[in-house]
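If you scroll down you'll find the structure; I have some questions about it.
All values derive from a computational prediction rather than experimental measurement.
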Amino acid sequence: AQSVSQHNHHVILSEAASLELGCNYSYGGTVNLFWYVQYPGQHLQLLLKYFSGDPLVKGIKGFEAEFIKSKFSFNLRKPSVQWSDTAEYFCAVNGDDKIIFGKGTRLHILP
Amino acid sequence: GAVVSQHPSWVICKSGTSVKIECRSLDFQATTMFWYRQFPKQSLMLMATSNEGSKATYEQGVEKDKFLINHASLTLSTLTVTSAHPEDSSFYICSARPMVNYEQYFGPGTRLTVT
């Protein structure tokens with residue numbers, strides 16, 4: 001069975017700080033990996049995804065993630081966060097033909 | 001493209017009644033749809049996977065007789081919460097997967113409150 005773990009439950013940063021949110025997955029086969037964002041009061045939006053090819057994936061709003069197969073990781077990064085990045089971030093994996101979500105990381109950006 | 005809608009967006013019902021939530025793929029055909037629930041400030045938990053024309057596959061711990069799922073067409077799946085109780089109050093989110101790839105597109109969710 002597949003599983004996803006996100007290390008940081010709650011992260012607080014100041015504007016312009018760099019961001020890295022950890023995500024590790026467990027699955028024995030080929031996986032597709034995703035990061036979703038949920039802004040307060042809104043529904044899920046896809047930030048980026050990895051299916052195959054270049055392990056460094058660029059998404060919307062300046063986010064990127066790197067798939068490191070040897071570490072079973074897919075960490076999310078942004079070089080300079082903005083107040084508007086305040087949201088909940090979910091890492092997700094699709095291995096068994098269904099998407100399973102991590103517990104989420106609540107990101108709070110201080111203006 | 002790839003828009004998924006849910007109806008209603010929110011619903012309040014009395015304990016003991018049943019409520020139906022619809023999930024539609026508006027501009028594509030979805031052989032598979034998924035139902036998740038999200039408790040406040042928590043992650044999405046997969047409840048079940050439904051394939052068009054066949055029975056849904058429920059995740060461990062999800063009562064199939066309580067959460068009835070029907071996927072009658074390639075653009076519509078319904079979730080019926082039967083004999084609802086206050087602990088069923090939650091945010092229910094569906095997603096749909098097109099026939100041609102493995103992406104899932106998520107609906108906006110339905111907030112259910114059982115009084």
Looking only at non-hydrogen atoms, find the nearest pair between A:Lys98 and B:Phe34 and report the distance.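 Shortest heavy-atom separation between A:Lys98 and B:Phe34 comes out as CB-CE2, 3.6 Å.
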
Does the pair A:Phe101 and B:Gln38 meet the rule for a side-chain contact (heavy atoms from CB on, under 4.5 Å), with working shown? CA-CA 11 Å; A:Phe101 287 82; B:Gln38 185 181 29; over 6 Å; no

Heavy-atom pair of closest approach, residues A:Phe90 and B:Gln42: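 Between these two residues, the closest heavy atoms are CZ-O, 4.0 Å.
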
Among residues 107-115 of chain B, which residues come closer than 4.5 Å to chain A, judged by heavy atom distances?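 Within residues 107-115 of chain B, the residues that come under 4.5 Å of chain A (heavy atoms only) are B:Gly107, B:Pro108.
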
With a cut-off of 6.0 Å (strictly less than), are more than 12 heavy atoms of other residues, nucleotides or ligands near NZ of B:Lys66?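 More than 12 within 6.0 Å, yes.
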
If you count every heavy atom of other residues, nucleotides or ligands that lies below 6.0 Å from B:His85 atom NE2, does the total exceed 12?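 Buried by this count: over 12 neighbours within 6.0 Å.
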
For A:Gly104, does its backbone N or O pair with a side-chain atom of B:Ser43 as donor and acceptor, under 3.5 Å?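 Looks like no, no N/O pair under 3.5 Å.
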
So for B:Leu44, is it side chain, backbone, both, or neither that comes closer than 4.5 Å to the heavy atoms of chain A?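 Both parts, heavy atoms under 4.5 Å.
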
CD1 of A:Ile100 to CD of B:Glu59: how many Å apart, nearest 0.5 Å?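 Separation between the atoms: 5.5 Å.
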
Grouping I, L, V, M, F, W and Y whenever their side-chain heavy atoms are under 4.5 Å apart, do A:Phe72 and A:Leu48 come out in a common cluster?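 Same cluster.
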
Roughly how far, to the nearest 0.5 Å, is CG of A:Leu44 from CD of B:Gln104?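 With rounding to 0.5 Å, CD (B:Gln104) is 11.0 Å from CG (A:Leu44).
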
Taking all heavy atoms of A:Ile99 and all of B:Tyr36, pick out the closest pair and write down the distance.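 Minimum heavy-atom contact is O-OH, 2.7 Å.
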
Should A:Val93 and A:Leu76 be counted in the same cluster of Ile, Leu, Val, Met, Phe, Trp and Tyr side chains packed under 4.5 Å apart?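 Yes, A:Val93 and A:Leu76 fall within the same hydrophobic cluster.
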
Cluster check A:Tyr39, A:Trp35: I/L/V/M/F/W/Y, side chain < 4.5 angstrom: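 Yes, A:Tyr39 and A:Trp35 fall within the same hydrophobic cluster.
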
If hydrophobic clusters are built from ILVMFWY residues whose side chains come within less than 4.5 Å, do B:Ile21 and B:Leu76 share one?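 No, B:Ile21 and B:Leu76 fall in different hydrophobic clusters.
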
Among all residues two or more places apart in sequence or in another chain, which pass the ring-ring contact (aromatic ring centres under 6.0 Å, His included) test with A:Tyr50?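 Here the qualifying residues are A:Phe67.
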
Top of A:Gln42, A:Gln45, A:Arg106 for chain B proximity - count of heavy-atom pairs under 4.5 angstrom: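 When all of A:Gln42, A:Gln45, A:Arg106 are compared, A:Arg106 has the most.
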
Transitive ILVMFWY side-chain link B:Leu74 to B:Ile69, under 4.5 Å: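 In one cluster: no.
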
Please look at A:Gln38 and chain B and tell me whether the side chain, the backbone, both or neither of the residue comes under 4.5 angstrom of a heavy atom of that chain.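 For A:Gln38, the side chain is the part near chain B, not the backbone.
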
